[in-house]
Q: 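Dropping a structure here in structure tokens format, bear with me for questions.
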Amino acid sequence: MEKVIAAIRPGEVCTAVPERNDAALWFVGRLRTPWQNPRDCPRQGDAVAGPICRIEIDPRWTEALAGIERKERLLLLYWMDGARRDLVRQSPRNDGATTGTFSLRSPNRPNPVASSVVTLLGREGDVLLVRGLDCVDGTPLIDLKPDYGGRPCPEH
């Protein structure tokens, strides 16, 4: 399926993207949510009252989930694969007033990595049930780790 690049808004500025990659990464799973379209996604996930979503871990990484059931909250890093990567100034309110990409939480950025802290509700094999996501169904998962909310990590 071919990706459609969103048009820029009045006042927004693009730049040329690099011709080569500096690094590689592997997607470790997919996020399953009720939202099919970015416009339908909440601006921030609700880790208490949001809908139950699924994290489907690629079977090759299932062993990496050992002990995850003992964690209350998880920090997820995921790849916003539908985002523009060339915007340096954006108009989030579509009013023509622009702000630099690095001063926004917009998914449109050079490396469209997003993060969410979610509440872990349970595990079913290589699937985690969580609340707190805010992304389109099928979004690639880069990594997950326990969230300690600024408290010192008890395990180092």
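All values reported here derive from a predicted model rather than from experimental measurement.
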Q: Is the number of heavy atoms from other residues, nucleotides or ligands under 6.0 Å of E69 CD greater than 12?
A: yes
Q: Take D58 and V28 through the side-chain contact (heavy atoms from CB on, under 4.5 Å) test and state the conclusion after the steps.
A: CA-CA 6 Å; D58 182 299; V28 299; 5.6 Å; no
Q: So, do P110 and F102 sit near enough that their side-chain heavy atoms are less than 4.5 Å apart?
A: yes
Q: Do the side chains of L133 and L75 join up, straight or via other hydrophobic residues, at under 4.5 Å, putting them in one cluster?
A: no
Q: Report yes if the side chains of L128 and V118 come closer than 4.5 Å at any heavy-atom pair, otherwise no.
A: no
Q: Within the side chain of T33, is there an N or O that forms a donor-acceptor pair under 3.5 Å with the backbone of C135?
A: yes
Q: Counting N and O atoms only, with roles assigned by atom type, does the side chain of R105 sit under 3.5 Å from a partner on the main chain of R43, one being a donor and the other an acceptor?
A: no
Q: Between atom CD of Q90 and atom SG of C14, what is the distance when rounded to the nearest 0.5 Å?
A: 9.0 Å
Q: Using modelled atom types and a 3.5 Å cut-off, is there a donor and acceptor pairing between side-chain atoms of R9 and backbone atoms of P92?
A: yes
Q: If you measure from CG on D134 to CH2 on W35, what distance do you get to the nearest 0.5 Å?
A: 7.0 Å
Q: Run through the side-chain heavy atoms of Ile, Leu, Val, Met, Phe, Trp and Tyr, join any pair under 4.5 Å, and report what else lands in L77's cluster.
A: L25, F27, W79, V113, I142
Q: Considering residues at least two apart in sequence or located in another chain, which fulfil the side chain to side chain contact (heavy atoms under 4.5 Å, CB included) criterion with N37?
A: R39, D40
Q: Looking at G50, is its backbone amide N or carbonyl O close enough to the side chain of R131 to form a donor-acceptor pair, meaning the two atoms are under 3.5 Å apart?
A: yes
Q: Show the nearest heavy-atom pair for residues G138 and R32, with the distance to one decimal.
A: CA-NH1, 3.4 Å
Q: Would you find a donor on one side and an acceptor on the other, under 3.5 Å apart, between the side chain of N108 and the backbone of R84?
A: yes
Q: Taking a hydrophobic cluster as the set of Ile, Leu, Val, Met, Phe, Trp and Tyr residues connected by side-chain heavy atoms closer than 4.5 Å, whether directly or through intermediates, do V130 and I68 fall within one such cluster?
A: yes
Q: Could you state the interatomic distance from CZ (R73) to OG (S116), rounded to the nearest 0.5 Å?
A: 13.0 Å
Q: Roughly how far, to the nearest 0.5 Å, is the OG1 atom of T98 from the CZ atom of R93?
A: 11.5 Å
Q: Enter the distance from K71:NZ to D147:CG here, rounded to the nearest 0.5 Å.
A: 11.5 Å
Q: Show the nearest heavy-atom pair for residues V48 and D46, with the distance to one decimal.
A: N-OD1, 2.9 Å
Q: To the nearest 0.5 Å, how far apart are OG1 in T99 and CG in L104?
A: 5.0 Å
Q: Do the charged groups of D22 and R20 touch, with an N to O distance under 4.0 Å?
A: yes
Q: Just by distance, do the side chain of R123 and the backbone of G125 share a donor-acceptor pair under 3.5 Å?
A: yes
Q: Looking at every heavy atom in both Q36 and V136, which two are closest together, and how far apart are they?
A: O-CG1, 3.8 Å
Q: For L31, is there any backbone N or O sitting under 3.5 Å from a side-chain donor or acceptor partner on T139?
A: no
Q: E12 vs S91, test: side-chain hydrogen bond (donor to acceptor under 3.5 Å, both in side chains). Steps then yes/no.
A: CA-CA 6 Å; E12 292 185 330; S91 178; 5.2 Å; no
Q: In this structure, would I52 and V127 fall into the same cluster of hydrophobic residues linked by side-chain contacts under 4.5 Å?
A: yes
Q: So, for R54 and L129, which heavy atoms are closest and what is the spacing to 0.1 Å?
A: CG-CD2, 3.8 Å
Q: Tell me whether T119 contacts the main-chain N or O of A47 through its side chain, where contact means a donor paired with an acceptor under 3.5 Å.
A: yes
